[in-house]
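The chains referred to below are lettered A, B, ... by the order of the sequence lines, with proteins before strands, and numbering in each begins at 1.
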There are 2 protein chains.
Amino acid sequence: MNKYESATLERMTTPATDWLRLDQQICFSLNAASRAFGGVYRVVLKDLGLTYPQYLVMMVLWEHGELPVKKLGEHLRLDSGTLSPLLKRLEAAGLVRRERSARDERSVQVRLTGEGSALRERAVEVPRRISAATGLDLAEIQDLRARLDRLTAALDAYGTDPAPEPS
Amino acid sequence: MNKYESATLERMTTPATDWLRLDQQICFSLNAASRAFGGVYRVVLKDLGLTYPQYLVMMVLWEHGELPVKKLGEHLRLDSGTLSPLLKRLEAAGLVRRERSARDERSVQVRLTGEGSALRERAVEVPRRISAATGLDLAEIQDLRARLDRLTAALDAYGTDPAPEPS
DNA sequence: CGCAACTTAATTGCGCACAACTAAATTGTG
DNA sequence: CACAATTTAGTTGTGCGCAATTAAGTTGCG
């Protein structure tokens with residue numbers, strides 16, 4: 001059962017323990033980066049009264065205008081289990097309204113209130129401050145974004161096609 | 001309200017709206033990558049009966065042996081608010097024991113049970129499967145890890161020194 | 001038409017992250 | 001020694017993420 005017991009693998013670069021360490025690094029690193037980002041957003045968004053996920057929702061609404069929960073979820077890769085309570089909080093804060101669509105009673109249309117639209121003016125400050133916090137220039141940000149997007153695509157593909165066991 | 005209606009903005013590299021879009025990309029991308037990773041770990045760890053954060057804790061214990069909650073938290077950047085209930089669940093699963101240190105009654109020592117140590121044998125499979133799911137080779141993983149670590153360091157620095165407002 | 005299959009949100013339940021607070025033990029200082 | 005400050009875990013409360021389920025509406029097909 002030992003993966004690497006074959007004596008013919010002389011130049012093998014990565015015994016099991018090294019894989020383990022490397023993997024630890026990448027998952028540690030990504031997890032840490034994600035939470036570090038969360039911390040900065042928390043600080044920057046505090047005087048807007050938004051959490052980071054709420055800010056993402058508002059960004060989509062600012063860009064696309066009114067849209068149903070389903071579409072919102074597609075943009076953000078989130079389902080109604082996450083969005084329903086989040087949107088309820090945004091509604092309680094007076095930033096959005098939710099109304100059943102007349103044409104399709106299953107669908108709930110989410111639209112900005114005047115207050116929600118107005119918040120955009122104060123939010124334009126956010127990206128610059130976040131960018132400053134990263135210490136990266138535009139090229140680096142774009143490059144990193146591209147790598148992360150490729151990574152996400154690969155990981156999603158694994159989800160739909162759970163990687164055949166190696167013979 | 002048209003974003004690009006001003007005729008004078010011909011060669012401007014980064015108007016506020018572009019910053020907004022770029023920032024959206026990087027935060028979207030990081031957030032999406034982090035959650036996509038979570039999904040793959042969820043699948044891979046299912047038959048070990050561990051969640052991803054629990055797996056991280058077990059990794060630290062496998063590497064460093066017994067250690068107090070405080071040290072565990074430093075390795076993982078997590079506080080007792082997260083670790084206390086998580087460790088309680090690991091204890092309920094029979095993987096670790098927690099005991100007050102005799103030398104310092106404030107401290108709680110976390111140590112692996114026999115079952116917890118034994119789980120390591122089954123966990124050696126995990127990193128290879130995760131690596132496969134990323135679709136990246138070793139060099140790419142290392143490079144990405146390095147970038148993410150630099151990013152995290154920068155973001156943490158911002159946390160301790162909340163970026164002076166530009167005049 | 002009538003009914004099964006599908007779609008869309010909402011709800012429930014569990015676990016993690018983090019801020020704020022509490023409780024208890026230890027350390028430092030006058 | 002006495003007492004304030006610090007350290008260490010735990011608790012509470014809020015919000016996010018996701019799986020599983022439910023409820024209601026729509027669509028398609030015989």
Side-chain angles (χ1 to χ4, degrees), chain A residues 27 30-43 45-46 49-58 67-74 76-93 96 98-110 155-156 159, chain B residues 27-28 30-43 45-46 49-58 67-74 76-93 96 98-110 156 159:
Chain A
C27 64
L30 191 59
N31 192 45
S34 180
R35 287 192 286 126
F37 242 118
V40 172
Y41 272 103
R42 195 171 303 115
V43 171
L45 292 174
K46 195 158 89 173
L50 294 176
T51 66
Y52 175 42
Q54 288 166 8
Y55 172 70
L56 295 181
V57 167
M58 294 301 288
L67 74 183
V69 173
K70 185 77 192 318
K71 290 289 180 192
L72 209 44
E74 287 170 7
L76 297 167
R77 303 160 153 274
L78 292 172
D79 65 12
S80 64
T82 300
L83 287 174
S84 289
L86 189 157
L87 291 169
K88 226 180 262 185
R89 285 186 284 271
L90 287 180
E91 187 171 45
V96 307
R98 294 178 303 153
E99 328 178 315
R100 288 276 161 191
S101 163
R103 319 208 354 223
D104 185 342
E105 291 278 342
R106 295 170 302 181
S107 177
V108 168
Q109 208 70 15
V110 182
L155 294 171
D156 281 353
Chain B
C27 64
F28 270 37
L30 191 59
N31 193 44
S34 180
R35 288 192 288 123
F37 243 119
V40 173
Y41 272 104
R42 196 172 304 114
V43 171
L45 292 174
K46 195 158 89 173
L50 293 176
T51 66
Y52 175 43
Q54 288 166 9
Y55 172 70
L56 295 181
V57 167
M58 294 300 288
L67 73 182
V69 173
K70 186 76 192 317
K71 290 290 180 190
L72 210 44
E74 287 170 6
L76 297 167
R77 303 161 153 274
L78 292 172
D79 65 13
S80 65
T82 299
L83 287 175
S84 289
L86 188 156
L87 291 170
K88 226 180 262 186
R89 285 186 286 270
L90 287 181
E91 188 170 44
V96 307
R98 294 178 303 152
E99 328 179 316
R100 287 278 162 192
S101 163
R103 315 200 5 214
D104 185 341
E105 291 279 343
R106 293 170 303 181
S107 178
V108 167
Q109 209 69 15
V110 182
D156 281 352

Note to self: Given the structure, check if the side chain of Arg106(A) and the base of dT26(D) hold any donor-acceptor pair shorter than 3.5 Å.
What the structure shows: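 A donor-acceptor contact between them is absent.
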Any side-chain heavy-atom pair from [X] and [Y] closer than 4.5 angstrom?
| X | Y | value |
| --- | --- | --- |
| Tyr52(B) | Cys27(A) | yes |
| Leu78(B) | Leu86(B) | no |
| Thr82(B) | Leu76(B) | no |

Distance, rounded to the nearest Å, where [X] contributes [atom1] and [N] contributes [atom2]:
| X | N | atom1 | atom2 | result |
| --- | --- | --- | --- | --- |
| Asp79(A) | dT8(C) | CG | P | 13 Å |
| Leu87(A) | dA10(C) | CG | P | 8 Å |
| Leu86(A) | dT14(D) | CG | C1' | 12 Å |
| Leu83(A) | dC18(D) | CG | C1' | 12 Å |
| Gln109(A) | dT8(C) | CD | P | 12 Å |
| Glu91(B) | dA9(D) | CD | P | 14 Å |
| Leu50(B) | dC14(C) | CG | C1' | 16 Å |

Item checked: Nearest-0.5 Å distance, CD of residue Glu91(B) to CD of residue Glu99(B) ->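 CD of Glu99(B) is found 9.0 Å from CD of Glu91(B).
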Next item on the list: Calculate, to the nearest 0.5 Å, the distance between atoms CZ and CG belonging to Arg98(B) and Leu90(B) respectively.
Entry: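 The distance works out to 9.5 Å.
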Item checked: 5'-most by nearest nucleotide on DNA chain C - Gly81(B) or Pro85(A) ->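 Closest to the 5' end, via its nearest nucleotide, is Pro85(A).
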Next item on the list: Between Val69(A) and Thr82(B), name the one whose nearest nucleotide on DNA chain C is closer to the 5' end.
Entry: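 It is Val69(A), whose closest nucleotide lies nearer the 5' terminus.
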Item checked: Comparing Thr51(A) and Glu105(A) on DNA chain D - which has the more 5′ nearest nucleotide ->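 Result: Thr51(A).
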What contact category does [X] fall into here, base, sugar-phosphate, or nothing, at under 4.0 angstrom with non-hydrogen atoms?
| X | answer |
| --- | --- |
| Pro68(B) | sugar-phosphate |
| Ser80(B) | base |
| Leu78(B) | sugar-phosphate |

Can you tell me if the side-chain N/O atoms of [X] get under 4.0 Å from OP1 or OP2 in [N]?
| X | N | result |
| --- | --- | --- |
| Arg42(A) | dA19(C) | yes |
| Arg98(A) | dA10(C) | yes |
| Arg100(A) | dA9(C) | no |
| Lys88(A) | dT11(C) | yes |
| Lys70(B) | dT6(D) | no |
| Ser107(A) | dT7(C) | no |

Item checked: Proximal nucleotide (of dA25(C), dA9(D), dA9(C)) relative to the Asp104(B) side chain ->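 Closest nucleotide to the Asp104(B) side chain: dA25(C).
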